[in-house]
Amino acid sequence: MKYKDYYKILGVQRGAGEDEIKKAYRKLARKYHPDVSKEQNAKEKFQEVSEAYETLRDKEKRAAYDSLGSGFRPGQDFRPPPDWFDRFGGGGKAEDLHGVDLGELFESMGIFGRAQRRSRRSHAGEDHEVPVRLTLEEAFRGAERTVQLDGRSFTARIPRGATDGQRLRLRGKGGPGMTGGPAGDLYLQIALEPHPLYRVSGHDLEIEVPLAPWEAALGAQIEVPILEGRVTMKVPPGSRAGQKLRLAGKGLPKPGGGAGDLYALLTIAVPATLTDREKKLYEELREASRFDPRIRFK
């Protein structure tokens, strides 16, 4: 039997922790996976890396491997000590090792059948997450983005109504599976660009709507911009700054149908400059009005 230095194959020290071993394996598996690698002997390298990981990731197998010692050179002929099989099993005896590969020896350990061992060697591909920035208009109507991952390029369709912070899952578009395992998933992390008019909360939108003082006092019919055009909104008499008026179904579309709402946040806009006529009218209103906006101070 020829010795294999599994730690050297993965590029880690013998005392490496589980996370370090897993990280090293994933890096090398991506590098040598036959479906994506352009390295020479990629298939053989990938199998070697997978064999090393399958042994070192299992606590019992790693303990059995470590007990063999570290005084061998890679490729050197060696035989486990006679008591090794008594302590660790391995599906054989020292005298039965003719033609047995080290990987086969560790694969035979334990109580699992061949099909179960094969399933343990198979790993789903790694999940990936990529940020995707959208304008509010793109979120409203849906969009497409070209995504590059693991040497692949494909178009991702983003449905209407994607919201800020949403994670969209694309099944099977992540990293390739290992040794027959399924591909991982790709998650699109949606981030909406700031908009000059709207604030976004889930599928609801909010827009500031300035009113002239007389519109707030007397009521009015005004036009408000929405994502698909404009809509007429009724402002009731006596409206005040900070009041919100709801326009149902004028927000972002929802996946199951319908849409969020648009909330009009009313503000009062005062003319910065006045004509002589406007100034006179305001003075007349001041003299005639009994309205006291600070009555609660008294």
Side-chain angles (χ1 to χ4, degrees), residues 19-20 22-39 42 46 49 122-209 224-231 244 246-265:
D19 290 342
E20 185 179 354
K22 182 184 293 185
K23 183 177 180 181
Y25 165 69
R26 287 181 173 177
K27 179 180 179 180
L28 292 171
R30 286 195 296 267
K31 179 179 180 180
Y32 293 118
H33 196 285
D35 291 343
V36 297
S37 179
K38 297 182 180 179
E39 300 280 341
F46 179 76
V49 166
S122 298
H123 298 284
E126 188 173 6
D127 292 341
H128 291 275
E129 185 169 309
V130 296
V132 175
R133 301 190 69 84
L134 299 176
T135 65
L136 188 57
E137 288 77 10
E138 287 177 321
F140 178 77
R141 63 176 180 265
E144 292 183 349
R145 285 292 187 272
T146 299
V147 178
Q148 294 188 358
L149 182 67
D150 288 344
R152 296 171 294 144
S153 179
F154 56 90
T155 299
R157 174 66 184 170
I158 301 168
R160 297 177 70 237
T163 57
D164 193 58
Q166 184 178 1
R167 294 172 79 238
L168 298 178
R169 180 184 184 188
L170 303 181
R171 293 180 180 272
K173 295 298 185 180
M178 310 304 178
T179 60
D185 298 328
L186 175 64
Y187 291 89
L188 306 182
Q189 182 73 43
I190 303 299
L192 297 184
E193 301 278 4
H195 196 278
L197 292 180
Y198 303 100
R199 287 187 291 271
V200 185
S201 176
H203 291 91
D204 293 337
L205 304 177
E206 183 178 282
I207 183 173
E208 285 190 4
V209 178
V224 176
I226 58 175
L227 287 173
E228 54 185 343
R230 304 180 75 83
V231 67
K244 288 184 180 181
R246 174 171 170 258
L247 299 173
K250 299 303 181 182
L252 289 174
K254 296 181 178 180
D261 300 326
L262 173 63
Y263 290 89
L265 177 63

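In what follows, every heavy atom counts, from backbone to side chain, and hydrogens, waters and symmetry copies are set aside.
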The salt bridge (charged side-chain N to carboxylate O under 4.0 Å, His left out) partners of R171 (sequence neighbours excluded) come to none
Before giving the answer on side-chain contact (heavy atoms from CB on, under 4.5 Å), spell out for L227 and L205 the whole-Å C-alpha distance, their side-chain angles and the decisive distance to 0.1 Å.
-> CA-CA 10 Å; L227 287 173; L205 304 177; 3.6 Å; yes
Please report the closest heavy-atom contact between G251 and F140, naming both atoms and the distance.
-> O-CE1, 3.9 Å
Those residues that, when tested against E206, pass side-chain hydrogen bond (donor to acceptor under 3.5 Å, both in side chains) (two or more places apart) | R199, K244
Verdict with supporting geometry, V200 and L252, side-chain contact (heavy atoms from CB on, under 4.5 Å) | CA-CA 9 Å; V200 185; L252 289 174; 4.3 Å; yes
Taking side-chain hydrogen bond (donor to acceptor under 3.5 Å, both in side chains) as the test, write out the residues that go with E208, two or more places apart.
-> none
Sorted by chain and residue number, the side chain to side chain contact (heavy atoms under 4.5 Å, CB included) partners of P255 (sequence neighbours excluded) come out as H203
Check L168 against P159 and note the closest heavy-atom contact, atom names and distance.
-> CD1-CD, 3.8 Å
With sequence neighbours left out, the residues meeting side chain to side chain contact (heavy atoms under 4.5 Å, CB included) with A259 are none
Taking every non-hydrogen atom, the tightest pair across G142 and R160 = N-CG, 3.7 Å
Shortest non-hydrogen contact between P225 and L262, atoms and distance = O-CD2, 4.1 Å
Sequence neighbours excluded and cut-off under 3.5 Å, please list the side-chain donor-acceptor pairs for residues 148-158, or say none.
{"residue": "R152", "atom": "NH2", "partner": "K173", "partner atom": "O", "Å": "3.3"}
{"residue": "R152", "atom": "NH2", "partner": "G174", "partner atom": "O", "Å": "2.5"}

Contact list for residues 251-264, test salt bridge (Lys or Arg N to Asp or Glu O under 4.0 Å), sequence neighbours left out | R246-D261
Sequence neighbours excluded, which residues qualify as side chain to side chain contact (heavy atoms under 4.5 Å, CB included) partners of A143?
-> L134, E138, R145
Please round to the nearest 0.5 Å and tell me the distance separating atom OH of Y263 and atom CD1 of I207.
-> 15.0 Å
For Y32 and F46, which heavy atoms make the closest approach, and how far apart are they?
-> O-CB, 3.5 Å
Sequence-distant partners of R26, side-chain hydrogen bond (donor to acceptor under 3.5 Å, both in side chains), two or more places apart | none
Going by atom type alone, with no hydrogens or angles, which donor-acceptor pairs under 3.5 Å involve a side-chain atom of residues 184-194 and a protein atom two or more places apart or on another chain?
{"residue": "D185", "atom": "OD1", "partner": "G172", "partner atom": "N", "Å": "3.0"}
{"residue": "D185", "atom": "OD2", "partner": "R169", "partner atom": "NE", "Å": "2.8"}
{"residue": "D185", "atom": "OD2", "partner": "R169", "partner atom": "NH2", "Å": "2.7"}
{"residue": "Q189", "atom": "NE2", "partner": "G165", "partner atom": "O", "Å": "3.1"}
{"residue": "E193", "atom": "OE1", "partner": "R133", "partner atom": "NH2", "Å": "3.3"}
{"residue": "E193", "atom": "OE2", "partner": "R133", "partner atom": "NE", "Å": "3.0"}

Report the residues that fulfil side-chain hydrogen bond (donor to acceptor under 3.5 Å, both in side chains) with E137, sequence neighbours left out, ordered by chain and then residue number.
-> H195
